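Values reported hereafter were calculated over all heavy atoms of this structure, with side chains retained and with hydrogens, waters and symmetry mates removed. Predicted model only: the values in this text are computed from it and were never measured.
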Amino acid sequence: MRNIIISVLLIANLFAVDYSSMSLQELKNQRGGIAPEDKEAFKAAIKAKMQSLSPEQREKEKAEMLAFKASVFSTTPKKIEEFEMKMKSLAPEKKDALMSKMDSLSMEEKFAFKTKLFAMSTEELSAMSAEEMIHLSDK
């Protein structure tokens, strides 16, 4: 029994994420996808990276993080429902192109991309080609 417990603990450590070795940008890109058991380690890594910045850089990063947090909290269930309806109305090839594009983006880029899509009407989205849609994030 003791060997089983030790084995389970060793395996669990193999799957633990080492946030301390990530850059600040990599940590920021992980936001929203942190397992509950990793939240404290994630927060500690962010704090350590922030403390290593110059005061000017730290203020800039804090402002960006607060803006990101505010934008996430301003997304209402109604907006999400409207967005899902827009996505359902799209042709499969357009939907696949959008999903593929979103998979390649960081958390901030995804939010900016979805914000542009939120702002468009269903008719505007339907009129665009899949190629035009995936380049919305480039503008």
Working to the nearest 0.5 angstrom, can you tell me the gap between Leu53 CG and Gln51 CD? 10.0 Å

Over all heavy atoms of both residues, which pair between Ala130 and Glu93 is shortest? Give the atoms and the distance, please. CB-O, 4.2 Å

At their closest point, which heavy atom of Ala45 faces which heavy atom of Ser20, and how far apart are they? CB-N, 4.1 Å

Please report the interatomic distance CE(Met120) to CG(Leu125), rounded to the nearest 0.5 Å. 5.0 Å

Look only at the side chain of Ser100 and the backbone of Ala97, and say whether a donor-acceptor pair between them is shorter than 3.5 Å. no

Where do Glu56 and Lys60 land on the salt bridge (Lys or Arg N to Asp or Glu O under 4.0 Å) test, with the steps shown first? CA-CA 6 Å; Glu56 296 83 21; Lys60 180 181 176 241; over 6 Å; no

From OG (Ser126) to NZ (Lys94), nearest 0.5 Å: 5.5 Å

What's the separation between atom NZ in Lys86 and atom CG in Leu98, rounded to the nearest 0.5 Å? 12.0 Å

Check for a donor-acceptor pair, side chain of Glu124 on one end and backbone N or O of Ser121 on the other, with a separation under 3.5 Å. yes

Kindly indicate, with the supporting measurements, whether the criterion side chain to side chain donor-acceptor pair (under 3.5 Å) is fulfilled by Gln57 and Ser54. CA-CA 5 Å; Gln57 288 175 308; Ser54 71; 3.3 Å; yes

If we only count heavy atoms from C-beta on, is the Lys62 to Arg58 side-chain gap below 4.5 Å? yes

Consider only side-chain heavy atoms of I, L, V, M, F, W and Y, link residues closer than 4.5 Å, and tell whether Met85 and Met128 are in one cluster. no

What do you reckon, is CD of Glu37 surrounded by more than 12 foreign heavy atoms closer than 6.0 Å? yes

Can you measure from OG (Ser89) to CD (Glu84) and round to the nearest 0.5 angstrom? 12.5 Å

Check whether any side-chain heavy atom of His135 sits under 4.5 Å from a side-chain heavy atom of Lys101, and report yes or no. no

Atom CG of Asp38 and atom OH of Tyr19: how far apart are they, to the nearest 0.5 Å? 4.0 Å

Test salt bridge (Lys or Arg N to Asp or Glu O under 4.0 Å) on Lys49 and Glu61 and set out the steps. CA-CA 11 Å; Lys49 298 292 182 192; Glu61 289 296 335; over 6 Å; no

